[in-house]
Protein chains: 2
Amino acid sequence: MSAAFSVEPRAPATAEEEAYRHIQRALRVGRYKSGERLIPEDIAAEIGMSRMPVREAFRRLASEGLVVLRPNRGCVVAGLTLDELNETFEMRSVLEGLAVRLAMPNIGEDEIDDLERLLDRMERAGQSSSSDWVIRHQEFHGSICSLSQRPKLIHQISALHAVVEPYMRIWFDDVDKPLSAREEHATVISALRSGDARHAERVMQDHILGTAPLLAEFVTPNRTMNTGR
Amino acid sequence: MSAAFSVEPRAPATAEEEAYRHIQRALRVGRYKSGERLIPEDIAAEIGMSRMPVREAFRRLASEGLVVLRPNRGCVVAGLTLDELNETFEMRSVLEGLAVRLAMPNIGEDEIDDLERLLDRMERAGQSSSSDWVIRHQEFHGSICSLSQRPKLIHQISALHAVVEPYMRIWFDDVDKPLSAREEHATVISALRSGDARHAERVMQDHILGTAPLLAEFVTPNRTMNTGR
DNA sequence: AAAAGTATTTTTGTATCCACTTATCCAATC
DNA sequence: GATTGGATAAGTGGATACAAAAATACTTTT
């Protein structure tokens with residue numbers, strides 16, 4: 001498999017970086033639940049550092065929308081209202097659509113093969129845990145995005161994905177149907193095969209917008225605890 | 001004029017917030033130039049606080065792409081390579097296109113009138129300083145975006161705008177032609193008048209993508225000092 | 001017994017301090 | 001004269017200390 005898409009597994013250069021990754025991972029596997037308060041001192045003790053780098057990590061996570069920070073009131077894990085969930089998918093749809101369109105010139109047989117392998121891997125992961133499935137799912141989407149060769153775009157999309165990941169996990173746990181998911185993503189691949197960039201863009205947009213309603217039921221209706229409490 | 005679009009002028013609740021705004025404003029008016037190193041101690045002294053809140057403000061600015069932070073090497077004002085400039089406009093084009101599409105249902109005669117007033121204001125500001133023009137220009141675009149009623153989308157677009165503002169300022173200073181700019185934006189307004197959301201989306205996309213080449217000459221070619229030095 | 005006010009504890013925000021990394025400058029060497 | 005090496009200065013990252021704010025528990029009052 002070509003190493004087009006890889007997340008750098010470098011060791012953290014600073015404590016802040018370590019704290020950032022630690023919390024990010026914890027959020028990813030669902031260790032912290034939406035609305036939960038994150039106490040800097042506890043996390044610092046967990047990793048073996050002082051509160052300070054953790055605070056700074058909070059800031060970064062906050063501007064990515066993963067946590068909410070209010071003055072003198074600490075840090076809580078962000079939750080999405082229904083409106084915010086939809087908004088996130090709207091943004092992802094146009095950004096990933098763009099990514100697909102720009103990626104098209106860089107997509108050949110090899111890349112399609114890679115994606116099909118990722119699709120298999122995603123399905124296999126779905127057998128074991130929803131957490132694994134979601135991670136593979138992100139890998140699939142991320143792999144397409146990375147073919148666009150647009151670092152900022154890739155980063156932005158991945159940040160948006162991270163925000164909705166918890167809900168995808170819950171959804172996957174609840175309805176456990178990798179079936180429809182596989183077909184959906186196969187559609188995307190065949191759109192890539194067509195070679196028509198605008199067509200593929202539209203298919204990706206539709207695919208993403210189609211996902212939002214599925215998660216709607218797992219989100220707090222509206223105007224509640226989106227900022228924590 | 002309807003107060004659909006307003007930047008909250010609240011007093012900063014924390015020192016970090018104050019530092020953030022201070023630096024953001026300084027970047028906006030071009031007080032710090034691209035590639036320049038920001039020394040936390042100096043800025044802290046300027047505002048009358050310690051380095052710590054300034055450091056935290058750096059993190060926020062970094063994740064918005066306004067500065068670059070490297071371990072043990074401090075904070076430098078971000079500059080864009082040509083690729084990054086184009087990428088930023090690509091992202092803005094689809095996001096602002098989305099904003100326009102979603103805003104359409106909320107646009108009536110009153111809103112159009114407001115926008116025309118803003119267009120006038122923008123032109124008048126163009127007479128005095130490029131800095132004022134750029135700010136009014138952002139106000140115009142921001143006003144349209146805010147009609148979409150999508151907070152996260154609005155914030156994201158405004159962050160992308162902030163990154164290219166310095167180059168728009170330089171461009172405006174160099175070629176000083178509010179003429180073409182006015183026509184361009186009038187086109188956007190008439191697209192809004194059409195009531196066709198998809199059409200308006202496309203017009204906005206084209207308007208934004210058309211801007212990128214104008215700024216290309218003011219950007220460091222490629223692969224140079226995008227991270228500082 | 002409920003409500004309001006008060007005291008206590010917890011937690012946050014900021015300043016200061018120390019260790020370590022990076023940059024600068026100067027001299028010695030080729 | 002240019003280059004390398006090393007001393008010195010400057011700056012960064014992180015920990016601790018302290019003050020202010022918020023949350024909590026506890027009275028007191030009605």
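Each chain gets a letter, A, B and so on, in the order the sequences are listed, and its residues count up from 1.
No hydrogens or angles were tested; on distance alone, nothing pairs the side chain of A:Arg55 with the base of C:dT11 as donor and acceptor under 3.5 Å. Side-chain atoms of A:Arg51 stay outside donor-acceptor range of the base of D:dG14, with no qualifying N/O pair under 3.5 Å.
Looking at A:Tyr167 and A:Glu217, their side chains never bring a donor and an acceptor atom within 3.5 Å of each other.
If you check C:dA15, D:dA23, D:dT16 against the side chain of A:Arg73, the one that comes closest is D:dA23. Considering only the side chain of B:Ser50, C:dT16 comes nearest among D:dG11, C:dG13, C:dT16.
Of the possible donor and acceptor atoms, none in the side chain of B:Glu17 sits under 3.5 Å from a partner among the backbone N and O of B:Thr14.
In this structure, B:Ile47 places its CD1 atom 10 Å from P of C:dA15, rounding to the nearest Å. Taking atom CE of residue B:Met49 and atom C1' of nucleotide C:dT16, one finds them 16 Å apart after rounding to whole Å. When the C1' atom of D:dG14 is taken as reference, atom CD of B:Glu56 falls 13 Å away, rounded to whole Å. Atom-to-atom, CZ of A:Arg37 to C1' of D:dA23 comes out at 8 Å; the value is rounded to the nearest Å. A straight line from CZ of B:Phe58 to C1' of D:dG11 spans 12 Å, rounded to a whole angstrom.
Of the side-chain N and O atoms in B:Arg70, none sit less than 4.0 angstrom from OP1 or OP2 of D:dT12.
Across all strands shown, A:Glu16 has heavy atoms under 4.0 Å from sugar-phosphate atoms exclusively, and none from any base.
Taking a cutoff of 4.0 Å between a charged side-chain nitrogen and a carboxylate oxygen, B:Arg60 and A:Glu64 do not qualify as a salt bridge. In summary, B:Glu56 and A:Arg59 engage in a salt bridge, as defined by a charged side-chain N under 4.0 Å from a carboxylate O.
Along DNA chain C, the nucleotide nearest to A:Arg59 and the one nearest to B:Asn72 differ in position, and the one closer to the 5' end is contacted by A:Arg59.
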